[in-house]
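Note sheet for the following structure.
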Amino acid sequence: MIGRKGLSQVRNGITEYTGDGSVDINGKPVLKNNTGNWKACPFILGTECCERLAYYGISTNLVTYLTNKLHEGNANAARNVTTWQGTCYLTPLIGAFLADAYWGRYWTIAVFSTIYFIGMGTLTLSATVPSLRPPPCVDSICPSASFSQYAIFIVGLYMIALGTGGIKPCVSSFGADQFDDTDSKERVRKGSFFNWFYFSINIGALISSSFLVWVQDNLGWGLGFGIPTVFMALAIGSFLSGTPLYRFQKPGGSPLTRMCQVLSASFSKWNVEVPHDSSLLYEVPDGVSAIAGSRKLEHSDELKCLDKAAVISDNEVKTGDFSNPWRLCTVTQVEELKILIRMFPIWATGIVFSAVYAQISTMFVEQGMTMDTKIGSFTIPPASLSTFDVVSVIVWVPLYDSILVPIARKFTGKERGFSALQRMGIGLFISIFAMATAAIVEIRRLQIARDLDLVHQDVSVPMTILWQIPQYFLVGAAEIFTFIGQLEFFYDQSPDAMRSLCSALSLLTTALGNYLSSLILTIVTILTTKGGKPGWIPDNLNEGRLDNYFWLLAGLSFLNMLVYVLCAAKYKSKKAS
């Protein structure tokens with residue numbers, strides 16, 4: 001039987017087992033040459049591409065469906081979209097907990113993909129069957145959706161939110177699991193995997209934001225939602241077909257329980273003095289961590305109050321009983337909680353960036369709806385402008401991987417060119433210019449509206465929608481640095497047995513960013529509509545000041561970047577044995 005000792009074993013002097021303790025689907029040690037690495041990744045990348053095509057096939061144009069088919073107002077539709085998108089990034093906490101504690105990443109993805117598919121089917125039915133949607137507007141009279149119609153739509157929408165919660169935190173980590181941490185060559189390939197993982201996301205998003213948006217606007221929403229449903233089925237098939245090639249990591253038990261044990265043990269020993277020699281703290285003696293699926297973590301000098309949980313009391317020495325984890329924890333278990341606390345400030349700064357990113361599917365679209373969408377005889381759906389964000393990502397990924405990384409490596413000496421912290425910081429900087437660009441475009445649009453006396457008319461302004469391209473392109477460039485940097489940071493810095501949970505925490509910044517965007521929209525609407533004023537974001541944007549909203553986000557992004565720089569400068573990386 002092969003042990004989890006981080007030592008590669010050789011069969012017939014030729015084929016090595018993985019050294020990171022990975023197993024096959026039957027729980028047996030796996031051979032490097034037969035499993036994992038890039039040979040397993042096409043199935044995972046294909047799964048992610050199809051799933052993201054399905055997700056963005058719904059989310060990209062959802063605000064248009066809510067306003068044009070369910071007859072909601074601009075502010076209410078934008079608020080509902082950001083709330084749903086926020087929920088899609090909140091539910092990964094559920095999937096991550098199940099993956100790390102009980103099911104493992106593979107089975108979590110399989111089960112939640114099925115829920116996702118059922119939700120997609122429900123949403124397609126609600127848009128296809130006439131009795132399940134409100135009748136179209138007659139002149140200026142637009143009937144609201146009935147309770148049952150709205151309920152069916154919401155059930156389908158939030159089943160998708162639940163389904164994506166089991167996929168998002170696990171797919172990137174499951175893909176990274178295919179590369180052996182104990183093999184230096186595979187570690188470098190893993191860094192490249194995160195870039196191409198994000199690339200596959202945006203290939204799916206490109207198809208959605210161009211072709212599917214056009215289908216929804218011109219051929220109908222039943223077909224527009226039905227096509228993503230088919231691709232979700234393809235995602236499930238792609239994922240399952242790669243099963244024989246996958247490497248699996250065993251779940252390590254509930255991370256929440258382990259954290260509570262550390263807090264309980266440290267509190268019960270609040271009056272115990274922590275020894276200056278950290279080698280006196282409790283740790284299992286052999287080379288294997290007491291936590292399944294985890295390497296041992298070296299002791300750090302921060303947060304010494306938590307070290308009390310690993311202090312061996314006189315009574316425990318006398319009895320020789322070290323088996324109660326609620327009274328005595330290993331150094332590795334204590335360090336797990338320390339790592340999460342150290343990552344918290346870095347994690348928190350991602351929230352404002354996610355609020356900026358949320359504008360792509362809300363205020364950018366509503367801004368585009370008030371501009372000239374015709375190019376010759378062709379009409380560009382406003383939501384399809386997000387294509388340029390996606391194209392930006394698709395262009396930047398190979399440039400980053402093949403050009404930027406080698407150049408940066410010469411100056412920094414780092415395997416991946418930039419550290420994950422440096423990469424995220426660059427993205428935060430770019431996001432400031434993205435919001436400033438959107439504000440400048442809106443200033444120009446409003447000026448044209450005033451010049452042509454269109455302020456009090458709810459009509460499009462004769463300014464081509466192509467002026468929005470720079471703001472989408474800048475958001476895409478910011479994504480390449482910040483979001484992929486987050487994938488790297490939360491996978492590399494997380495405890496081995498908490499990688500799904502930490503990926504979920506990374507995604508949680510997107511959820512909170514969407515909620516923050518909704519909150520800002522609500523506050524701005526309340527404050528700017530006092531005294532009967534139209535406010536910054538009225539239904540007729542020609543009467544509003546959307547530019548002020550974008551300047552507000554640019555200012556928040558600048559303050560957020562300053563906080564990030566301070567936190568990143570103080571951050572200390574984890575050290576695993």
Under 4.5 Å between any side-chain heavy atoms of [X] and [Y], yes or no?
X: F473; Y: S392; value: yes
X: T373; Y: P382; value: yes
X: I201; Y: F197; value: yes
X: Y549; Y: I520; value: yes
X: D180; Y: R247; value: yes
X: I430; Y: I426; value: yes
X: T35; Y: F248; value: no
X: S419; Y: F489; value: no

**Prompt:** Using the ring of each side chain (for Trp, its six-membered ring), is W103 parallel, tilted or perpendicular to F112, with breaks at 30° and 60°?
**Reply:** tilted

**Asked** F193 vs W38 aromatic rings, parallel, tilted or perpendicular, using cut-offs 30° and 60°?
**Response** tilted

**Verdict with reasoning, F550 to F364, per ring pair (Phe, Tyr, Trp, His ring centres under 6.0 Å)** = CA-CA 10 Å; F550 289 139; F364 281 14; 5.7 Å; yes

Are the side chain of [X] and the backbone of [Y] linked by a donor-acceptor contact shorter than 3.5 Å?
X: T164; Y: I160; result: no
X: S173; Y: C170; result: no
X: Q249; Y: G104; result: no
X: S557; Y: L553; result: yes
X: Y158; Y: G119; result: no
X: D100; Y: L501; result: yes
X: S500; Y: A96; result: no
X: Y564; Y: L421; result: yes
X: T122; Y: I118; result: yes
X: S517; Y: G513; result: no

Determine whether the side chains of [X] and [Y] contain a donor N or O and an acceptor N or O closer than 3.5 Å.
X: T243; Y: Y106; result: yes
X: D177; Y: Y491; result: yes
X: N61; Y: W221; result: no

**Message:** Per the ring-ring contact (aromatic ring centres under 6.0 Å, His included) rule, what does the pair list look like for residues 415-439, sequence neighbours excluded?
**Reply:** F429-F433

Mind listing the closest non-hydrogen atom pair of [X] and [Y] along with its distance?
X: L53; Y: S208; value: O-OG, 2.7 Å
X: P169; Y: G166; value: CD-C, 4.1 Å
X: I341; Y: P345; value: O-CD, 3.6 Å
X: V397; Y: N195; value: CG1-O, 3.5 Å
X: R342; Y: S300; value: NH1-OG, 3.4 Å
X: P255; Y: M498; value: CB-CE, 3.7 Å

Can the ring centroids of [X] and [Y] be said to lie less than 6.0 angstrom from one another?
X: Y55; Y: Y116; value: no
X: Y65; Y: F225; value: yes
X: F344; Y: W347; value: yes

**Item:** Evaluation steps, side-chain contact (heavy atoms from CB on, under 4.5 Å), between Y515 and L512
**Value:** CA-CA 5 Å; Y515 291 137; L512 295 178; 4.2 Å; yes

Residue [X] excluded, over 12 heavy atoms near [atom1] under 6.0 Å:
X: Y571; atom1: OH; answer: yes
X: W551; atom1: CH2; answer: yes
X: K572; atom1: NZ; answer: no
X: F231; atom1: CZ; answer: no
X: R409; atom1: CZ; answer: yes
X: W536; atom1: CH2; answer: yes

If I take atom [atom1] from residue [X] and atom [atom2] from residue [Y], how far apart are they, to the nearest 0.5 angstrom?
X: T47; Y: F174; atom1: OG1; atom2: CZ; result: 9.5 Å
X: T370; Y: I465; atom1: OG1; atom2: CD1; result: 8.5 Å
X: D401; Y: L399; atom1: CG; atom2: CG; result: 10.0 Å
X: S506; Y: E488; atom1: OG; atom2: CD; result: 11.5 Å
X: L93; Y: L505; atom1: CG; atom2: CG; result: 6.0 Å
X: I44; Y: I109; atom1: CD1; atom2: CD1; result: 7.5 Å

**Asked** Is the cationic atom of R105 (NZ for Lys, CZ for Arg) positioned less than 6.0 Å from the six-membered ring centroid of Y246 and within 45 degrees of its normal?
**Response** no

**Asked** Can you check side-chain contact (heavy atoms from CB on, under 4.5 Å) on L256 and M259, steps first, answer last?
**Response** CA-CA 5 Å; L256 297 179; M259 287 187 282; 3.5 Å; yes

**Derivation and outcome, side-chain contact (heavy atoms from CB on, under 4.5 Å), residues C50 and S238** = CA-CA 9 Å; C50 291; S238 172; 5.7 Å; no

**Item:** Test log, rule side-chain contact (heavy atoms from CB on, under 4.5 Å), inputs L428 and V352
**Value:** CA-CA 9 Å; L428 294 180; V352 173; over 6 Å; no

**Under the side-chain hydrogen bond (donor to acceptor under 3.5 Å, both in side chains) test, residues paired with E442 that sit two or more places apart** = Q367, R445

**Asked** Got a sec, which residues hit side-chain hydrogen bond (donor to acceptor under 3.5 Å, both in side chains) with S431, two or more places apart in sequence or on another chain?
**Response** none

